[in-house]
Structure formats: C-alpha cells, structure tokens
Amino acid sequence: MKGCEIINKIESLGGHLKEEELETLLEIIRRQIKFMLKYNILMTPKNYERWFLVFCHLVESKESMTDKEIFNLYGRLYEKNFNIGKEEKFFEINIRETSDKLEKIADSIEEKLLDILNVAYLHKENIQKHEEITKKSDDEKFSKILQELEYIKHQNENLTEKLENCHKEIQNLNMELKIAKQDATIDFLTGVVNRRSFDRTLGDLLKEVREKDYVFTLILLDIDNFKSVNDTYGHLAGDLVLKEISTVLRIFLRANTIIGRIGGEEFGIILPGVSLENGIKVAERIRSIIENREVKFEDRIIKFTASFGVTESKKEDTKESIYKRVDEALYIAKRNG
C-alpha cells in the first residue's frame with residue numbers, strides 16, 4: 001500500500017490545503033471514525049494512526065471494500081507484518097503531531113465554512129431584493145431576468161443547505177477528534193492520565209532538568225493489599241477504591257501536578273518545581289488523607305491505605321533511572337509498613 005498523500009501534504013504545507021484536499025481529508029476522517037465507532041475499536045494513538053492510514057488508502061485509491069475486506073486489509077498490513085515494539089515510538093510521535101494538525105485544520109474548515117455560509121445568506125437576501133424589484137416591471141427583458149433570478153435563488157438555496165449540513169458534520173467530526181484525542185491520553189476508569197501520557201510528560205521534564213537545571217519530585221503511590229480488596233469484595237469494589245484514590249489526588253494536589261495511573265493499583269505523581277523535602281511532606285499528607293477515607297460497597301464499608309516512594313530528579317536521570325530509584329523507595333516504604 002502506498003503512502004498517504006494527504007499526510008505528506010499536511011507535513012509539507014503546514015496544514016494549508018486546497019479545497020479538494022480538505023474534502024479528501026474530511027472523507028478519510030468521517031469514514032474512519034464511523035468505522036471505529038461501529039466496531040467499538042478503542043481510539044488509542046496506535047489504533048487511530050493505523051486506521052487513518054487504512055482509510056487514507058481507501059479514499060485516495062477510490063477502492064470499494066466491504067467491512068470484512070477492510071479488516072482483512074488491516075490484518076495484512078499490521079497484524080502479520082508489523083513489529084509493534086519497533087514501531088511504537090513512531091506512532092507515539094506521529095499521532096501527536098498529526099492529531100494536533102488535524103484538529104487545527106478542522107477548526108479552520110469550520111471557520112471558513114461559517115464565512116461562506118454568511119456570504120450565502122447575504123446572497124440570498126440580495127436575490128430576494130432584486131426579485132421584488134423585477135416583479136414590479138412589465139418589461140419582457142425583466143421577465144427573463146426574473147426567471148434567471150428564480151434559478152439562481154434555487155441554486156443558492158441548495159448550496160446553502162449543503163453547506164449547513166456540511167458545517168454540522170464538521171462540528172461533529174471536530175468533537176469526535178477531540179474525544180479521540182482525549183481517549184488516547186486518559187485512563188477511562190480513574191480520569192487521570194494514562195501511563196503513555198504520564199511517561200511522555202516525565203521524559204519532557206527530564207529534558208528540562210538536563211538543559212535548564214529544573215527540578216521536580218516524582219512520587220509513586222501503591223495501594224496496600226489491593227489484591228485482597230478484589231478477592232474479598234470483588235473487582236467492582238476495587239474499581240471504587242481506585243476512583244476514590246484518584247479523587248483524593250485531584251482534590252488535594254495543586255492544579256499543575258501531573259497525576260497518572262501507571263499500573264493496576266499504582267499511581268504516579270509529578271510535582272513540578274518541588275524539592276525532595278517538600279515532596280515527602282506532600283506524600284505524607286496524601287497518605288494520611290487516604291488512610292482516613294473509605295468507600296461504601298453494597299452494605300459494606302471498605303477502608304484502605306497506600307504506600308509511597310518519593311525521589312527528586314537528578315541532572316543525569318533517565319526515565320529508567322528515576323523509576324528505579326522511586327521503586328526502591330516504595331519497596332522500603334512497603335517493607336517498613
């Protein structure tokens with residue numbers, strides 16, 4: 001399958017596409033999102049990127065395929081011949097850039113369509129004025145003009161209706177793009193960012209540490225004996241505990257804090273600009289709050305606690321080294337109760 005021409009044009013032109021190219025882009029997005037929603041395909045960055053390229057091929061080549069044939073095409077391209085581990089980084093970077101550009105283009109299209117619609121509405125008013133003036137004359141040539149005005153009026157109404165429908169569809173697509181983009185970064189159960197997004201932010205901050213002598217504190221939170229909660233009360237109860245933890249973190253931490261669910265019962269917390277000493281104080285405060293929280297499940301009250309590992313960023317840190325250090329701190333906290 002050849003490369004996606006529309007992506008190449010977005011890259012080379014910085015999003016300034018011609019009218020027919022915008023229509024092609026809209027058709028790809030429209031068909032892709034409808035297909036993914038129809039079959040409940042999770043809109044992760046990797047899935048979104050792959051299906052976009054599949055539908056880009058279908059639209060640009062003007063091939064007609066059944067849904068089964070489309071799935072077969074996807075399987076031939078990715079499931080058998082695709083090294084996921086090797087290409088993971090490519091998709092992580094590319095979808096971030098592409099989704100941002102698609103969102104900007106969708107906003108631009110919506111704005112331009114509104115301008116066109118306003119012109120169409122003004123054109124309609126002018127036609128009506130000319131029509132009223134022409135009707136007052138008995139001259140034969142004005143009669144022909146009237147016929148022509150009627151035709152133009154009819155064409156303008158059809159165009160306006162199509163533009164209005166197109167505008168509504170673009171608004172819906174734009175909303176779906178934003179939702180898809182959010183779904184790719186948010187953990188659906190707890191509402192905090194997922195591991196992929198958290199790690200990306202961590203990597204960005206470590207770069208600032210190396211280049212600008214920036215400092216931050218990384219906290220790793222692990223719910224104590226979480227398996228016993230699931231075993232005793234069931235996974236629905238466990239989900240309630242996870243949601244309660246995320247609620248505590250969002251309420252009692254500053255707005256600029258980055259909170260992510262990075263494992264089953266593990267949460268990561270990044271405190272930008274905070275030293276180790278103050279980070280420990282924050283962790284202790286959150287630990288104490290969690291210790292005094294509870295959730296109600298059916299007719300039972302579930303109490304829970306959490307352990308914390310805390311570390312401060314170092315100039316030579318990588319993601320691997322800082323995670324190793326905070327894991328060791330968490331292990332010590334677990335061991336010491």
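- Shortest non-hydrogen contact noted between A283 and V310 is CB-CG2, 3.7 Å.
- Counting all heavy atoms, side chain and backbone alike, V209 lies closest to S313 at CG2-OG, 3.7 Å.
- Taken together through direct or relayed side-chain contacts under 4.5 Å among Ile, Leu, Val, Met, Phe, Trp and Tyr, V248 and F297 form part of one hydrophobic cluster.
- For E211, the CD atom sits in a packed shell: over 12 heavy atoms of surrounding residues, nucleotides or ligands are nearer than 6.0 Å.
- A donor-acceptor contact shorter than 3.5 Å links the side chain of R261 to the backbone of G263.
- Atoms CD and CD1, on Q32 and I70 in that order, are 11.5 Å from each other to the nearest 0.5 Å.
- Taking CG of N230 as the start and CG of D239 as the end, the distance is 7.5 Å to the nearest 0.5 Å.
- Considering only heavy atoms from C-beta on, I270 comes within 4.5 Å of F198 through its side chain.
- Under the 4.0 Å criterion applied to side-chain N and carboxylate O atoms, E284 and K281 are not assigned as salt-bridge partners.
- A salt bridge does not link K324 to E320: none of the charged side-chain nitrogens sits closer than 4.0 Å to a carboxylate oxygen.
- Side chain of S307 to main chain of D222: no donor-acceptor pair is present (N/O by atom type, distance under 3.5 Å, no hydrogens or angles).
- At a threshold of 4.5 Å between non-hydrogen side-chain atoms, the residues F216 and L206 count as touching.
- In this structure, L242 and F226 have side chains that are in contact, with non-hydrogen atoms separated by less than 4.5 Å.
- Annotation for V326 and G309: closest pair CG2-O, 3.3 Å, computed over non-hydrogen atoms.
- In this structure, E312 has no salt bridge (charged side-chain N to carboxylate O under 4.0 Å, His left out) partners at least two apart in sequence or on a different chain.
- Using modelled atom types, no side-chain atom of T305 and backbone atom of E291 make a donor-acceptor pair closer than 3.5 Å.
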Exercise for review: With side chain to side chain contact (heavy atoms under 4.5 Å, CB included) as the test, would you mind laying out the steps for L218 and L205 before giving the verdict?
Suggested key: CA-CA 11 Å; L218 174 65; L205 286 174; over 6 Å; no
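- One N or O on the side chain of S246 and one on the backbone of T190 form a donor-acceptor pair closer than 3.5 Å.
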Check your understanding: How far apart are the C-alpha atoms of F267 and I219, what are their side-chain angles, what is the distance that settles it, and do they pass the side chain to side chain contact (heavy atoms under 4.5 Å, CB included) test?
Key -> CA-CA 8 Å; F267 291 82; I219 299 174; over 6 Å; no
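- The local environment of CZ in R254 is sparse, with at most 12 non-hydrogen atoms from other residues, nucleotides or ligands closer than 6.0 Å.
- If you chain together hydrophobic residues whose side chains sit under 4.5 Å apart, V295 and L221 fall into the same group.
- The pair K334-D224 counts as a salt bridge, with a side-chain nitrogen and a carboxylate oxygen less than 4.0 angstrom apart.
- Minimum interatomic distance between M65 and E69 (heavy atoms only, all atoms of both residues): CA-OE1, 3.2 Å.
- Counting only heavy atoms from C-beta outward, the side chains of V193 and D187 never approach each other to under 4.5 Å.
- We find the CG-CZ distance between L330 and R325 to be 14.0 Å, quoted to the nearest 0.5 Å.
- Note: the hydrophobic cluster containing I223 does not contain Y331 (ILVMFWY, side chain heavy atoms under 4.5 Å, direct or indirect links).
- With contacts defined as side-chain heavy-atom distances shorter than 4.5 Å, the pair T217/N278 does not qualify.
- Although no hydrogens or angles enter the test, the distance criterion places a donor-acceptor pair under 3.5 Å between the side chain of D317 and the main chain of K314.
- F308 pairs in a side-chain contact (heavy atoms from CB on, under 4.5 Å) with only one of the listed residues (I280, L220, I286), which is I286.
- Note: E266 CD to R195 CZ = 8.0 Å, rounded to the nearest 0.5 Å.
- Counting heavy atoms from C-beta on, the side chains of L202 and Y323 come closer than 4.5 Å.
- In terms of modelled atom types and a separation under 3.5 Å, the side chain of R196 and the main chain of D199 share no donor-acceptor contact.
- The line from CG of L189 to CG of N194 is 12.5 Å long, rounded to the nearest 0.5 Å.
- To the nearest 0.5 Å, atoms OH (Y214) and NZ (K207) are separated by 15.0 Å.
- L73 has its side chain within reach of H57: a pair of non-hydrogen atoms, C-beta onward, lies under 4.5 Å apart.
- At a threshold of 4.5 Å between non-hydrogen side-chain atoms, the residues I245 and F304 count as touching.
- Residues F188 and I262 do not share a hydrophobic cluster, defined by chaining ILVMFWY side chains whose heavy atoms lie under 4.5 Å apart.
- Residue F35 is tested with W51, F52, Y74 for a ring-ring contact (aromatic ring centres under 6.0 Å, His included); the sole match is W51.
- Summarising the geometry of N256 relative to P272, their closest heavy-atom pair is O-CG, 3.4 Å, with the distance given to 0.1 Å.
- Connection of L276 to I269 is established within a shared hydrophobic cluster, with ILVMFWY side chains joined at heavy-atom distances below 4.5 Å, either directly or through further cluster members.
- Looking at R285, its side chain does come within 3.5 Å of a backbone N or O of F252 through a donor-acceptor pair.
- With E244 contributing its side chain and R293 its backbone, the two residues share no donor-acceptor pair below 3.5 Å.
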